[in-house]
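Please read the structure below before turning to the comments.
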Amino acid sequence: MRGTPRTRRIPRPALGVLIGVTALFTAGTLATPAGAAPESGPSTAGVHSVPASAQQQARDFWTPERMRSAVPLDLLDADARSTDAAPRAGRPATVAPTAPTAGTADVGPAAFPNGGGAWTGGGAVVNTAGRVFFTYQGRTASCSGNAVTSANKSTVITAGHCVKLEGAWHTDWVFVPGYHDGQAPHGRWTATKTLSTPQWTASEDINYDVGAAVVAPLDGQRLTDVVGGQGLAFNTGYNLRMYAFGFPAAAPYDGQKFIYCSGTTNRDFLLSNDHGMGCDMTGGSSGGPWFTQFNEATGTGLQSSVNSFKYNFLPNRMYGPYFGADAQNLYQAAQSS
């Protein structure tokens, strides 16, 4: 069947169809021995460093008007980027959230399952998740991302295509947690480094469409000291209850609302080894977090994937990469920077 199904392009942040999660934990310290240690094997992450002058330029560049007008990236062509190699497995590992609850969510019994709707509650996720903005091929573009617990308190997880696409690293890269209507309530955080898995960096393999950024301090503070950090889970298997979040900006969405999907996932049996979930989010949601063991009342969970791609014949189903050993190593490289 390889080579037959094709994906349609959405504004790249949700690429792949979107080009462009977690269990309830109490706030705690980084679980380095249990869940953050890298697995053995080839794992060198691709890294793009951003000079200080470019960081300041990016912060100044992203005005409210530019953020509102940023174009979401198209979706990825799954058949052109698939591979026969499944993500490397490792030992199950978790990292606890360090996010304050920031109020409680109030979404009622319809929260699960849900194919796409506004997240009407509160909780930590409304602060840790945000929009990602960057310049791609000379145009302003957007994705989604999420702040996670990390040793450097400055790590954002997103999709690989939200940091590098078609052989080039994106520029003017900023993360805006809690974004709404052109506003940056917690500031615009500029990347000092963007990173991706070695497989995405080398060949843009959709099984490894995971990216990260290390952001500079803002006004003397580090990212997760301001917005908190979600937890992470690696090597957790398939067929899980998961919640996905993002800022879809392609029709019928406009990028101004925080949208979520939820449901029991399955393993893609076509061109990837990704998780699949019923979800109608569109371009711009790429890179938004997927959580396992997500607690609606506190808005905290364990991030276990990101919005990555859709097949054009399955417009209401989203796919996200499996967080295996290479995603774990990418996280380790980012939080150690």
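As a basis for the values below, the full set of heavy atoms in this structure was taken, side chains included, without hydrogen atoms, waters or symmetry mates.
- With rounding to the nearest 0.5 Å, the separation of OG1 in T190 from CH2 in W62 is 13.5 Å.
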Problem - Worked check of side-chain contact (heavy atoms from CB on, under 4.5 Å) between L165 and W200 - result: CA-CA 9 Å; L165 187 62; W200 181 264; 4.1 Å; yes

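- Hydrophobic clustering keeps V306 apart from Y322 (ILVMFWY residues linked when any side-chain heavy atoms are closer than 4.5 Å, directly or through intermediates).
- Under a 3.5 Å cut-off, the side chain of S262 and the backbone N or O of N114 do form a donor-acceptor pair.
- Judged by distance alone, the side chain of T236 and the main-chain N or O of P92 form no donor-acceptor pair under 3.5 Å.
- Of all heavy-atom pairs between G167 and E204, the closest is N-OE2, 3.1 Å.
- Side-chain contact check for T140 versus F61: some heavy-atom pair is nearer than 4.5 Å.
- No continuous path of ILVMFWY side-chain contacts below 4.5 Å connects Y136 to V50, so the two sit in separate hydrophobic clusters.
- Side-chain contact between T201 and Y208 is absent, with no heavy atoms from C-beta onward closer than 4.5 Å.
- The aromatic rings of F258 and F245 lie parallel to each other, their planes meeting at an angle below 30°, with 60° marking the opposite boundary.
- Using a distance-only test at 3.5 Å, with no hydrogens or angles considered, no donor-acceptor pair links the side chain of S272 to the main chain of N207.
- No side-chain donor-acceptor contact under 3.5 Å links R139 to the backbone of V71.
- N307 and G246 get closest at one heavy-atom pair: ND2-CA, 4.4 Å.
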Practice task
Check the pair T264 / F112 against side-chain contact (heavy atoms from CB on, under 4.5 Å), numbers first and verdict last.
Solution key: CA-CA 9 Å; T264 299; F112 192 98; 3.9 Å; yes

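- When atom types are taken as modelled, the side chain of Y238 and the backbone of G276 share no donor-acceptor pair closer than 3.5 angstrom.
- Rounding to the nearest 0.5 angstrom, the gap separating the OG1 atom in T149 from the CD atom in Q303 is 10.5 Å.
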Exercise for the section: Let me see the working for V156 and L223 under side-chain contact (heavy atoms from CB on, under 4.5 Å), right down to the final yes or no. Expected result: CA-CA 9 Å; V156 176; L223 176 63; 3.6 Å; yes

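- R267 and N273 are linked by a side-chain donor-acceptor pair at a separation below 3.5 angstrom, with hydrogens and angles left out of the test.
- Checked by atom type and distance alone, the side chain of D209 pairs as donor or acceptor with a backbone atom of G160 at under 3.5 Å.
- Side-chain N or O atoms of W173 include one that pairs as donor or acceptor with a backbone N or O of C162 at under 3.5 Å.
- Residues N235 and R91 form no side-chain contact, since every pair of their non-hydrogen atoms from C-beta on lies 4.5 Å or further apart.
- No side-chain heavy atom of D326 sits under 4.5 Å from any side-chain heavy atom of P87.
- Taking the six-membered ring where tryptophan is involved, the planes of H170 and F134 are essentially parallel, since the angle between them stays under 30° and well short of 60°.
- Panel note: side chain Y319, backbone Y311; no donor-acceptor pair is recorded below 3.5 Å.
- Hydrophobic clustering (side-chain heavy atoms under 4.5 Å, transitive across Ile, Leu, Val, Met, Phe, Trp, Tyr) groups V126 together with F294.
- Within the 4.5 Å cutoff, the side chain of Y243 has no heavy atoms near those of the V125 side chain.
- Here the straight-line distance linking atom CZ of R131 with atom SG of C143 works out to 9.5 Å at 0.5 Å rounding.
- S150 and N152 share a side-chain donor-acceptor pair at under 3.5 Å.
- In this pair, F247 and Y179 present their aromatic rings perpendicular. The plane angle is above 60°, beyond the 30 to 60° band.
- No donor-acceptor distance shorter than 3.5 angstrom exists from the side chain of Q57 to the backbone of D172, with no hydrogens or angles considered.
- In this structure, V227 and A147 approach most closely via the heavy-atom pair CG2-CB, 4.1 Å.
- The two residues R59 and P217 have their closest heavy-atom pair at NH2-O, 4.3 Å.
- Under the side chain to side chain contact (heavy atoms under 4.5 Å, CB included) criterion, D181 pairs with R68, Q256, not counting sequence neighbours.
- Between S305 and P321, the shortest heavy-atom contact is OG-O, 2.7 Å.
- Across every non-hydrogen atom of A151 and R222, the tightest pair is O-NH1, 4.4 Å.
- Taking NZ of K164 as the reference point, atom CG of L195 lies at 12.5 Å (rounded to 0.5 Å).
- Formation of a donor-acceptor pair under 3.5 Å by the W119 side chain with backbone atoms of G122 is found in this model.
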Practice task
Evaluate the side chain to side chain donor-acceptor pair (under 3.5 Å) criterion for residues N146 and T128: first the C-alpha distance (whole Å), next the side-chain angles of each, then the deciding distance (0.1 Å), finally the verdict.
Solution key: CA-CA 5 Å; N146 183 57; T128 62; 2.9 Å; yes

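- Between F323 and F234, the two ring planes are parallel [angle under 30°; tilted spans 30° to 60°].
- For S49, the side chain to side chain contact (heavy atoms under 4.5 Å, CB included) test picks out V47, K193, with sequence neighbours left out.
- For the pair F313/L270, a side-chain contact is recorded, criterion being any heavy-atom separation below 4.5 Å from C-beta on.
- In this structure, CG on L232 lies 9.0 Å from CD on Q230, to the nearest 0.5 angstrom.
- We find the CG-OG1 distance between D205 and T197 to be 7.5 Å, quoted to the nearest 0.5 Å.
- The cationic atom of R66 (NZ for Lys, CZ for Arg) does not lie both less than 6.0 Å from the six-membered ring centre of F133 and within 45° of the ring axis.
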Problem - Derivation of the side-chain contact (heavy atoms from CB on, under 4.5 Å) call for M318 and C261 - result: CA-CA 9 Å; M318 177 77 74; C261 297; over 6 Å; no

